[in-house]
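Everything quoted here is computed from the prediction, not taken from an experiment. Only this structure's heavy atoms are used, side chains among them; waters, hydrogens and symmetry mates stay out. Throughout, protein chains are lettered first and strands after them, A, B, ... in sequence-line order, and every chain is numbered starting at 1.
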Amino acid sequence: MRQRVAVIDFETNGITPGRDCRATEIGVAMVEDGRVVDRFQSLMNAGVWVPPMIERLTGISNAMLKAAPPACEVMAEAARFVGDTPLAAHNASFDRKFWDHELSLLGIARRQDFACTLLLSRRLLPQAPDHKLGTLTRWAKLPDTGRAHRALADAEMAANLLTLLGDTLSSQYRLPDIDHALLCKLQTVTAAKIKPYLLELQAQCPAV
DNA sequence: TGCCAGGCCCTCTTTAGGGCCTT
């Protein structure tokens with residue numbers, strides 16, 4: 001896939017964004033033509049408390065957040081970095097709600113759709129042992145990007161997975177124009193119907 | 001006060017339930 005896509009990952013102190021549940025770190029891997037070409041990463045201090053279980057999971061402590069820049073500054077910078085670039089994430093429904101929530105606090109509305117590497121990998125890589133980001137990375141022998149459950153390492157893992165999914169579509173179905181809009185369309189086709197749908201797309205494409 | 005996600009996907013389904021995935 002040649003198109004530039006911004007793959008994002010949030011670390012947070014909980015599951016549902018709100019007054020006491022906020023992003024604690026953001027990572028963005030800008031992927032283009034199968035390579036990560038640019039990166040953005042920052043901890044952010046939203047004034048929330050991180051429970052011990054999540055401190056252990058992410059390695060992000062309350063002391064680290066105390067010293068981090070304010071969430072509003074970080075998110076404003078992240079929004080400038082991403083601009084209008086199409087977005088992707090692993091289990092995008094999670095990162096999308098935090099992206100939308102954090103930007104809404106700045107009065108910014110998202111303009112672009114999210115592609116989801118979880119939905120796409122369930123459809124295109126059904127033979128994987130499971131569809132956790134770490135499992136898929138090891139199973140597909142994708143590069144080690146650093147400590148799991150840190151935002152930039154996970155964003156780069158998801159970026160590599162996105163590239164693998166694009167390559168899978170190219171090699172298995174010989175589709176010439178794989179772009180973000182196609183990926184967003186594919187993730188709305190049910191897993192049971194994806195193969196016939198792709199074969200139909202292939203039949204409509206001129207031979208390459 | 002007490003509770004606390006939610007969308008997707010499969011199946012022993014559709015008048016439902018439970019596992020997956022994210023922190």
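- Taking atom CE of residue A/Met157 and atom P of nucleotide B/dC21, one finds them 15 Å apart after rounding to whole Å.
- No single ILVMFWY cluster, assembled from side-chain heavy atoms under 4.5 Å apart, contains both A/Leu87 and A/Leu152.
- Remark: the A/Asn62 side chain and the A/Glu55 side chain contain an N/O donor-acceptor pair separated by less than 3.5 Å.
- Relative ring orientation between A/Phe114 and A/Trp99 is described as perpendicular, the plane-to-plane angle rising above 60° on a 0-90° scale split at 30° and 60°.
- Spacing of C1' atoms, B/dC9 relative to B/dT14, comes out at 14 Å, to the nearest Å.
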Tabulate protein N/O versus nucleotide N/O from nucleotides 8-10 of chain B, keeping only pairs under 3.5 Å, one per line.
residue: B/dC9; atom: OP1; partner: A/Arg123; partner atom: NH1; Å: 2.3
residue: B/dC9; atom: OP1; partner: A/Arg123; partner atom: NH2; Å: 2.2
residue: B/dC9; atom: OP2; partner: A/Arg123; partner atom: NH2; Å: 3.3

**Item:** salt bridge (Lys or Arg N to Asp or Glu O under 4.0 Å) between A/Arg22 and A/Glu102, intermediate numbers included
**Value:** CA-CA 8 Å; A/Arg22 299 282 300 275; A/Glu102 294 295 341; 2.9 Å; yes
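- A/Asp154 comes within contact range of the sugar-phosphate backbone alone, with a heavy-atom separation under 4.0 Å but no base atom that close.
- What separates CZ of A/Phe114 from P of B/dG7 is a distance of 15 Å, to the nearest Å.
- Among the nucleotides B/dA5, B/dT23, B/dT22, the one closest to any side-chain atom of A/Thr16 is B/dA5.
- Rounded to an integer number of Å, the gap from A/Met53 CE to B/dT22 P is 13 Å.
- Rounded to an integer number of Å, the gap from A/Ile60 CD1 to B/dT23 P is 10 Å.
- Side-chain contact annotation: A/Gln41 with A/Glu25, donor-acceptor N/O pair under 3.5 Å present.
- Residue A/Phe98 is classed as having no contact, given no heavy-atom separation below 4.0 Å to the nucleic acid.
- A/Leu57 places its CG atom 10 Å from the P atom of B/dT22, with the value rounded to the nearest Å.
- For A/His131, a side-chain nitrogen or oxygen approaches OP1 or OP2 of B/dC21 to under 4.0 Å.
- In this model, the phosphate group of B/dC21 is not approached by any side-chain N or O of A/His90 to a distance below 4.0 Å at OP1 or OP2.
- Residues A/Asp130 and A/Thr135 have side chains that bring a donor and an acceptor to within less than 3.5 angstrom of each other.
- Rounded to an integer number of Å, the gap from CZ of A/Arg22 to P of B/dT22 is 23 Å.
- Side-chain contact check for A/Leu165 versus A/Leu183: every heavy-atom pair is 4.5 Å or farther apart.
- Between B/dG18 and B/dT1, the two C1' atoms lie 29 Å apart (nearest whole Å).
- In this structure, A/Phe94 atom CZ and B/dC20 atom P are separated by 18 Å, rounded to whole Å.
- With both ends at atom C1', the span from B/dT23 to B/dC4 equals 15 Å, rounded to whole Å.
- When rounded to the nearest whole Å, the span between NZ of A/Lys97 and P of B/dT22 equals 13 Å.
- Annotation: B/dC12 and B/dG19 have their C1' atoms spaced 15 Å apart (nearest Å).
- Among the protein residues, A/Asp130 comes within range of the sugar-phosphate backbone only, with heavy atoms under 4.0 Å from sugar or phosphate atoms but none that close to a base.
- Nearest-nucleotide positions on DNA chain B for A/Ile15 and A/Asp95 put A/Ile15 closer to the 5' end.
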**Prompt:** Between A/His90 and A/Thr117, does a side-chain hydrogen bond (donor to acceptor under 3.5 Å, both in side chains) hold up when you go through it step by step?
**Reply:** CA-CA 5 Å; A/His90 194 69; A/Thr117 53; 2.7 Å; yes
